[in-house]
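Just below is one structure, and these are the notes that go with it.
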Protein chains: 2
Amino acid sequence: MKVKATDIGQMASASDVIFDALRTAITDGSLNEGEVLRQDHIARMFNTSRIPVREALTRLEEQGLVTTQRYRGAVVAALSIEEIQEIFEFRALVESEVIHRSVCNISDDALKLATSYCDAFSASTEPSKWGDLNRLFHYSLYQECGRPYYLQIVNGALGRIERYQRVQLTITNGLERANKEHRAILKACVARDADLAAELTRRHILGASRSLTDFLKEHRGAPHAINAAPAGNATGKPARRTGR
Amino acid sequence: MKVKATDIGQMASASDVIFDALRTAITDGSLNEGEVLRQDHIARMFNTSRIPVREALTRLEEQGLVTTQRYRGAVVAALSIEEIQEIFEFRALVESEVIHRSVCNISDDALKLATSYCDAFSASTEPSKWGDLNRLFHYSLYQECGRPYYLQIVNGALGRIERYQRVQLTITNGLERANKEHRAILKACVARDADLAAELTRRHILGASRSLTDFLKEHRGAPHAINAAPAGNATGKPARRTGR
DNA sequence: CTTGCATAAATTGGATCCAATTTACAATAT
DNA sequence: ATATTGTAAATTGGATCCAATTTATGCAAG
């Protein structure tokens with residue numbers, strides 16, 4: 001009998017690989033907002049043609065992570081402070097609902113796992129991992145809500161603002177407060193107090209929004225100047241194309 | 001001075017045209033769920049190559065309107081009753097929040113417009129227009145919530161279940177109840193009673209969910225047998241490919 | 001008549017090529 | 001020196017072609 005590809009799981013297509021790589025690069029901040037994504041540059045990085053690159057960029061645009069203009073290419077999406085606030089507020093609404101539903105069914109195993117992520121988060125000294133650990137902690141408490149669509153939406157919303165949240169945690173030392181709030185949320189979940197867990201989650205997210213946007217209002221005279229600017233791009237004009 | 005394309009607005013690319021056409025065909029039910037979408041068939045319909053078709057399908061998949069398997073192509077997504085219920089419940093959560101925020105700022109013009117859509121909805125005898133009019137009515141009450149991201153999410157959620165809702169309105173004569181509920185919502189908005197408008201919207205959506213899923217549980221022994229099946233496809237096997 | 005396998009047809013993912021458009025740059029006029 | 005304009009380079013959208021894979025069909029064996 002011939003072995004079909006489906007028997008050993010769906011092999012990732014080239015566009016999937018590119019999509020995943022670009023997505024993580026955008027969400028973790030490796031790619032600065034406003035940065036231009038050239039199709040054949042990316043294609044060369046992955047040793048493919050531009051076709052799968054375009055498919056990946058299309059998907060990223062559909063998720064709101066890049067914006068595209070005809071014949072002008074894709075740039076990493078930049079969110080205004082108002083847009084960031086809106087997404088945090090939306091997360092507060094949906095995630096409080098999600099954790100409320102989840103706590104009712106939550107298993108001891110899930111609580112154990114959440115605790116271990118919580119510990120790892122507070123113990124980690126590697127800023128590049130805070131985003132992942134934070135996400136893993138929260139998601140481990142959401143898993144048993146029985147609402148995959150909600151989780152998908154939450155994931156999309158989080159993907160858009162994760163890069164900013166990481167900056168805020170790193171720079172304003174928001175780690176301590178996040179940690180305390182995580183402990184409180186976890187405690188409420190262990191006690192199976194759904195209302196409390198929901199309310200604490202809501203405040204946790206809105207609080208993070210507050211300190212992040214305060215930070216951005218301070219440090220963002222210009223729209224996109226969080227990370228170090230790439231060399232020679234201090235002017236408003238597009239960077240001159242350097243040779244390949 | 002040379003006229004740039006951007007000066008006369010963004011010209012729609014071929015993939016945009018195809019995307020829009022397929023999206024409306026899926027949301028309004030012209031394409032049955034489970035139906036297979038062949039790339040070069042669609043390409044021939046639009047006199048293009050398969051490249052822009054693939055881009056359109058990629059975007060539709062990202063929105064959850066089609067599902068794709070490697071080398072096996074795209075099919076119009078079919079939602080289980082549980083998934084439909086979940087999306088309605090999600091809409092109830094988000095749309096009640098949206099209308100609550102909107103009513104605080106709503107203008108008399110917006111109320112006038114909403115009234116005209118409400119009237120058109122109740123007067124219309126054309127089932128194919130109910131979906132549009134229903135959407136226009138609700139959206140006209142949402143416009144001034146000042147939360148574009150919420151509206152974008154609502155639009156995505158609605159796009160997934162619109163086809164089913166249309167079926168329900170058509171078949172179970174849910175029109176009368178929808179109409180009454182629309183009047184009540186509108187009245188609450190005119191009175192600037194945000195809490196009431198939100199609660200009525202919540203119940204309106206959950207009620208629609210209830211009657212739709214009841215209907216589906218009744219009429220859906222087989223997963224995808226709402227609309228008339230295409231000729232010669234009564235068996236579970238895929239239809240034999242007819243000549244081009 | 002049904003089942004199993006070999007082979008052909010159909011279909012998708014990706015590479016390469018071409019046209020449309022934008023952007024950079026040099027030459028020129030003011 | 002600065003603005004302007006024409007041209008070349010860079011870049012994207014799309015068409016056509018090829019390889020990988022799946023699906024259908026025909027033929028032999030039971």
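Just so we're on the same page: letters track the sequence lines, and every chain starts at 1. Scope of the values below: all heavy atoms of this structure, side chains included, with no hydrogens, waters or symmetry mates. On a predicted model such as this, the values are computed, not experimentally measured, just so you know.
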Need to verify one output field. Residue with the more 5' nearest nucleotide on DNA chain C, A/Ala14 or A/Tyr71?
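Its nucleotide being nearer the 5' end, the pick is A/Ala14.
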
Using heavy atoms to find the nearest nucleotide of DNA chain C for B/Leu37 and A/Asn47 separately, return the residue whose nucleotide is more 5′.
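It is B/Leu37, whose closest nucleotide lies nearer the 5' terminus.
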
Please work out if B/Leu57 contacts a base, only the sugar-phosphate, or nothing of the nucleic acid, heavy-atom cut-off 4.0 Å.
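The answer is nothing, as B/Leu57 stays clear of every strand by at least 4.0 Å.
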
Quick one: on DNA chain D, does A/Ile51 or A/Ala74 contact a more 5' nucleotide (nearest heavy atom)?
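Its nucleotide being nearer the 5' end, the pick is A/Ala74.
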
Taking it one step at a time, do A/Val167 and A/Phe215 satisfy side chain to side chain contact (heavy atoms under 4.5 Å, CB included)?
CA-CA 10 Å; A/Val167 169; A/Phe215 171 78; 3.8 Å; yes

I need the [atom1]-[atom2] distance between [X] and [N], as an integer number of Å.
X: A/Asp16; N: C/dT12; atom1: CG; atom2: C1'; value: 14 Å
X: A/Met11; N: C/dG13; atom1: CE; atom2: C1'; value: 10 Å
X: A/Arg44; N: D/dA10; atom1: CZ; atom2: P; value: 11 Å
X: B/Phe19; N: D/dG13; atom1: CZ; atom2: P; value: 16 Å
X: B/Asp40; N: C/dA10; atom1: CG; atom2: P; value: 10 Å
X: A/Gln69; N: D/dT11; atom1: CD; atom2: C1'; value: 14 Å
X: B/Phe46; N: D/dG14; atom1: CZ; atom2: C1'; value: 16 Å
X: A/Arg38; N: D/dA10; atom1: CZ; atom2: C1'; value: 8 Å

If you take atom types as modelled and just measure distance, does the side chain of B/Arg54 reach the base of D/dG14 with a donor-acceptor pair under 3.5 Å?
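Such a pair does not exist between side chain and base.
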
Any donor-acceptor pair, under 3.5 Å, between the side chain of B/Arg72 and the base of C/dG13, if you only look at N and O atoms?
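Not at all, since no donor on one side and acceptor on the other fall under 3.5 Å apart.
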
Of all the heavy-atom pairs spanning A/Gln63 and A/Arg160, show the shortest one and how long it is.
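So the two residues come closest at O-NE, 3.2 Å.
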
According to a strict under-4.0 Å criterion, is B/Gln39 in side-chain N/O contact with OP1 or OP2 of C/dG13?
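Yes.
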
Just to confirm, is there a sub-4.0 Å distance from OP1 or OP2 of D/dT21 to any side-chain nitrogen or oxygen of B/Arg70?
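Looking at the OP1 and OP2 atoms of D/dT21, neither is under 4.0 Å from any side-chain N or O of B/Arg70.
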
Does A/Val75 reach the side chain of A/Leu37, with side-chain heavy atoms less than 4.5 Å apart?
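Not in contact.
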
If you only use heavy atoms from C-beta on, which nucleotide in [options] is closest to the side chain of [X]?
X: B/Ser49; options: C/dG14, D/dG13, D/dA15; answer: D/dA15
X: A/Ser15; options: C/dG13, D/dG14, C/dG14; answer: C/dG14
X: B/Arg50; options: D/dC17, D/dG13, D/dA15; answer: D/dC17

Are A/Arg147 and B/Glu89 ion-paired here, with the side-chain N under 4.0 Å from a carboxylate O?
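Result for this pair is yes, salt bridge flagged.
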
Between A/Glu95 and A/Tyr142, is there a side-chain donor-acceptor contact under 3.5 Å, judged purely by atom types and distance?
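There is such a pair (donor and acceptor under 3.5 Å, judged by atom type) between the side chains of A/Tyr142 and A/Glu95.
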
